Number of protein chains: 4
Amino acid sequence: MIGGGQGAFIGAVHRIAARMDDEYTLVCGAFSSDPDKSRATGNLLGLAADRIYDTYQQMIHTEVRLPENERVQVISIVTPNHLHFEPAKLALESGFHVILDKPATFTFEEARLLKEIIERTGKLFCLTHTYTGYPMLKEARQIVASGRLGEIRKVYVEYPQGWLSRFEEGRDNKQALWRTDPAKSGVAGAMGDIGSHAFNLAEYVSHLQVVSICADINKVVSGRQLDDDGAVLMKFSNGASGVLIATQVAAGEENNIRIRLYGKQGGLDWQQNDANTLLLKWLDKPTEILRTGASYLSSYALHNSRTPAGHPEGYLEAFANLYRNFALTIRAQLMQEKPQKEWLDYPGIEEGIRGMAFIEHVIASGQSETKWLEFNV
Amino acid sequence: MIGGGQGAFIGAVHRIAARMDDEYTLVCGAFSSDPDKSRATGNLLGLAADRIYDTYQQMIHTEVRLPENERVQVISIVTPNHLHFEPAKLALESGFHVILDKPATFTFEEARLLKEIIERTGKLFCLTHTYTGYPMLKEARQIVASGRLGEIRKVYVEYPQGWLSRFEEGRDNKQALWRTDPAKSGVAGAMGDIGSHAFNLAEYVSHLQVVSICADINKVVSGRQLDDDGAVLMKFSNGASGVLIATQVAAGEENNIRIRLYGKQGGLDWQQNDANTLLLKWLDKPTEILRTGASYLSSYALHNSRTPAGHPEGYLEAFANLYRNFALTIRAQLMQEKPQKEWLDYPGIEEGIRGMAFIEHVIASGQSETKWLEFNV
Amino acid sequence: MIGGGQGAFIGAVHRIAARMDDEYTLVCGAFSSDPDKSRATGNLLGLAADRIYDTYQQMIHTEVRLPENERVQVISIVTPNHLHFEPAKLALESGFHVILDKPATFTFEEARLLKEIIERTGKLFCLTHTYTGYPMLKEARQIVASGRLGEIRKVYVEYPQGWLSRFEEGRDNKQALWRTDPAKSGVAGAMGDIGSHAFNLAEYVSHLQVVSICADINKVVSGRQLDDDGAVLMKFSNGASGVLIATQVAAGEENNIRIRLYGKQGGLDWQQNDANTLLLKWLDKPTEILRTGASYLSSYALHNSRTPAGHPEGYLEAFANLYRNFALTIRAQLMQEKPQKEWLDYPGIEEGIRGMAFIEHVIASGQSETKWLEFNV
Amino acid sequence: MIGGGQGAFIGAVHRIAARMDDEYTLVCGAFSSDPDKSRATGNLLGLAADRIYDTYQQMIHTEVRLPENERVQVISIVTPNHLHFEPAKLALESGFHVILDKPATFTFEEARLLKEIIERTGKLFCLTHTYTGYPMLKEARQIVASGRLGEIRKVYVEYPQGWLSRFEEGRDNKQALWRTDPAKSGVAGAMGDIGSHAFNLAEYVSHLQVVSICADINKVVSGRQLDDDGAVLMKFSNGASGVLIATQVAAGEENNIRIRLYGKQGGLDWQQNDANTLLLKWLDKPTEILRTGASYLSSYALHNSRTPAGHPEGYLEAFANLYRNFALTIRAQLMQEKPQKEWLDYPGIEEGIRGMAFIEHVIASGQSETKWLEFNV
């Protein structure tokens, strides 16, 4: 693992996700740019002292020279955005599979380069757009694919948070500090942090691609350097339209990412606060409540849950589904077997490139006086 | 009553709303442009034969000559939009108070003229933006006024319907026929029919005015003459921003108009499907569930409900609140007394003018390639 | 109307319910045992002075001598329980149809007598078990009748309130005073006031009859003379079992009466807080959400709503459905026509007798040390 | 681990729970009474071949002779009920800490003996009443302890399931087979399997003890040997009363265990389907929505969650909280430190004894014709 020192939120989440299904063992790490902190974290995590590294470069260079049955196989990178590309590049080029926190990179250009590296090295790559790991979103995607809803007409996604309603970066909030700093986060704040998740959800569930956007991007809290709020009108490849809302200043909101999507015959509605429920709506029939773990679900949804219906699975399980599917795919590759189609349903570099394009386009659109900005990627 | 013949939806609703609190008696009507239908409706409603009229002109001209204690006092106009202005003008100029279904008129210009007529005649005027009659929206407006939420930053309103997902106007659906006909509905379809409600809610609850908009307006169902879908980015007078969504092609949706609004300290969330609940959200405290009829509510909310907490009141009660408050205000005027402030909280011509401006601006913005359209009214 | 003077809750509700569908006009009343109060109420309601009476006896004796086209046709009795039987008897025997607030009478014996009087006089009789007026409970009853759920196995009903958590009868709360007074309420407090509603719902929806019970009946608030809380184990005629919970000391609860019922194949769930929704659950299929006003509902549900799906109808509309169906049935009788089956679906004296039997049995069971008490009526 | 071979539900859950917080490593197991199956399971789980055992006796006898730094420290027993006591006894007497699936034992007498063994050996013991691991139930317990709700008056618990609506034991459903077999499950079916959870919740949250009960216990599905349904009236030590519902024949229900509890001033409501929400109700104030991870929660709730508010945690996390707190307590013992009070909040043998007493009393009461059965333990 690269990054994820003490105090980091997402590093701990990655570690739980990796452990849950017993497919990974944490064997080494460079957990911080501060070697003392890296060491302290590694010790807490019970790593062997010689597998705790001062820098990610040291880690990769050392590990690559270990005997094959000892060295790390997969490297998770959970650093802030400005430290995504270089470690990922080095890891891939050194022969390791990579799991990378989203958004893929600091710039769109880096994402494009990363794709070349992945293709060139042939290593496997997973981008942790967590929400696509929820079983009921996998079901949603399968329902759209089945055509039962008819041609898709509308896609609404939203991600309302309230935790940046105050000037948290002035109150020494570590999570806020890097996310609102252009040098670490990139050109976007809220749009990169959570807007990119909503965008990914829209494309993942709908099987459509955004082709043009019109964005209203705001810095609401005074003193803030990056956007903390925005809304985006979207047009999709098939003529459908939609709206994306992402804000971090909706005081009192937690993390309730939601997608609603409507076709000619019906629609669906999912939100994280009720993550094990998918509402399926119809023109002339009662709405149906689909539930995680139920026997009538698709193989995609069933493969991604661990308990019978009625035992709530949540965010950590969704995250673990990414790790698990990536592991199953890696193992299939090792065994020279064909991975099951359900295993391959994890986000990769294509989603990373789309996400980085979203970030750059949405900020550009926010600054533009022209209404529609084409989204050519 | 003018309009509201058999088969009309909103006419029957107006009549129930008028009856509920025993403040009105239906005494006369011109219920249809077809005299036979008008007569049939009047008979069904138990009106005296000589108070059922062939045309609204006949009705007003006849009624005005009846003795004061016999003639109608308030005229409800529940016709399609193209038949709002002329009857309202005639009624007001003949000395009657007027209740008018929304949107106010066929064009913005008519609304402006109607305001002059109202001011000149001194008669009272109520525009039935129903949703503002809900007690928990009255509470929401009072909470914003109290400043407890802090300066308002975000306003999200949405009104998703699905009933026009098919080409209903080709299936002889009477409600669809006039609403999708530019000659009867005006320049807008969905935006006039339901978008204007959402717009009214945004301004009513926030105490703010929209100052510029950017709209994506769509005719989704092929063959349809007017918009059946749209989304609008909005900027408010205090710098706040927001999103308005109105669609009639969200297959499977009913009528769940919703407002979410966030200030510096907290936010609120109301939706028609759970109309007796208002969620009040806070940065650092648990969300509170405010409920119709509860003792802790403001005088505005309490005045507008009829039963103790836990006895659900709905759409018809909200509608009746408009009628009741209008009646109480008329009576106060008759008695030369000062109406209570709670009674005056019903929509009037200002809301009508803002609504017609919304309709014309939103359609113009939809057709424009410029991003922001100023909203100067 | 008999009873329902100023300050009464249920009298005003009856009047709104009667007005809503324009089937009734209030023409006379004896609104209170205090003639001054009766007069004041009648004046407020705009009655002619000579139709406001000092006593119900005076009212009935006077009205019966008026010309047929002037005199009242239906008498609503909305007094406390100890004043149900005598006015109902006199009204029926004088030739008037009667609407009576529940529970039917002060004692079971009175209910039995009332049934004889109704049969003897041939007049029509409606008992206002409000909740059976909700369209989605009518749907629930039809679904059970259809056999789709299979043989019924479990029936859970509950009616939790919190408004008697304190000694309200010591705080001059008029609603509490008579309800907790054995001289006015009868042998039961909570069980008569709300338990009887829950019992009615259980039998109405299930089409089953309770055959034995085991009750735990409590006076929780010290000083209270009647029960304010209880729970009842129930056995039904077909071997099914169930639980009834009714309490007025669940601090913070409003009025959320609920029924859940399970058959061999599926179940249903309805609660007043979400009154326009009926959940239909299945062993191997997604739960379905049935909604008031939707096209797929039975004729019973559709007949009992006034607006399209998505316009919430509530408690007053449910109450009005009882009044409306009773009026339609009376009119059919007048016209010597056969009433539609949907009109006849309002509670009458059979429900009244079952309810009074419930009240007496449940109190007896609460005092007994034997487990099961047979319920033979 | 003892038990939990392939196909077992709860064994896999225990293993995930143990892994989640990195406090346990699975080192050995006797996963089945069938040695081949035990071996296959152990291989799948990646255990060293010499740590996979044919029988639990072999495992304990072998492990106890391993060097201290190699041998297992904690033994998880996840077998059917008839195989709880003997392995637990042997493990404890051999010096191992024990985690035991509920209910504690096959009979009450075994539970009493187990308590003696635990006290005699001084080893630590955890009983996996999962639901008490949910952060919002820990909060509920703290709120009751704080006295804010006033003296507790009512406790309602329910655990509705539908999965045994059919004769599953005749369809080769492994989960159903042992649970409905008196030789493996004990005197109770549903009451032991899920009723005991509901009972535990009632006592855990209320801080009260049940002192008498009156039960209706049913075998609904024909051919079934043990109860699959029941309801229990309960009296508590402080005079409060309550109802417990547990059924496995509520067709269409999943696993929505729920507790509602009311004191003089207010109440609370929690259900597994919305596990991260705790509703706090008040006599004269709005209901409050408390949420997992929020800053205003008690140290007990915060200690038992892993992510910020809005990231749903579910059943596996609740289970993991038991494992984690047990591990923290064991480590404190090893370090001869005082465990934090939050760590000690896991269920142990006292809960096991109360649970077994519940099972035996509830079945006895179900068979009795006397109403109340004293609950003396």
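Numbers restart at 1 for each chain; the letters A, B, ... are given by sequence-line order, proteins then strands. Predicted model, so just to flag it, every value in this text is computed and none were measured.
In terms of the side-chain contact (heavy atoms from CB on, under 4.5 Å) criterion, residue partners of Asn255(D) (sequence neighbours excluded) are, by chain and number, His311(A), Tyr131(D), Tyr159(D), Gln161(D), Gln272(D). Residues passing the side-chain contact (heavy atoms from CB on, under 4.5 Å) test with Ser305(D) are Pro135(D), Thr292(D), Glu313(D), sequence neighbours excluded.
Only the side chain of Arg306(A) comes within contact range of chain D, judged by heavy atoms closer than 4.5 Å. For a residue to count as touching a neighbouring chain, one of its non-hydrogen atoms must lie under 4.5 Å from one of that chain's; by this rule Phe319(A) does not touch chain D.
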Apply side chain to side chain contact (heavy atoms under 4.5 Å, CB included) to the pair Glu254(D) and Asn276(A), showing each step before the final yes or no. CA-CA 12 Å; Glu254(D) 296 175 342; Asn276(A) 295 295; over 6 Å; no

Could you walk me through whether Asp274(D) and Asp274(A) pass the side chain to side chain contact (heavy atoms under 4.5 Å, CB included) test, one step at a time? CA-CA 7 Å; Asp274(D) 192 13; Asp274(A) 192 14; over 6 Å; no

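Glu317(A) has its side chain out of reach of Ile16(D): every pair of non-hydrogen atoms, C-beta onward, lies at least 4.5 Å apart.
Chosen from Pro308(A), Ala294(A), Ala318(A), Ala320(A), the residue pairing most often with chain D at heavy-atom distances under 4.5 Å is Pro308(A).
A salt bridge is absent between Arg15(D) and Asp22(A); no separation between the charged side-chain nitrogens and carboxylate oxygens falls under 4.0 Å.
With a 6.0 Å radius and a threshold of 12 heavy atoms from other residues, nucleotides or ligands, Gln73(A) has its CD atom at or below the threshold. Around the CD atom of Glu70(A), the shell of radius 6.0 Å holds more than 12 heavy atoms that belong to other residues, nucleotides or ligands.
The CE atom of Met20(D) sits 9.0 Å away from atom CZ of Arg19(A), with the distance rounded to the nearest 0.5 Å.
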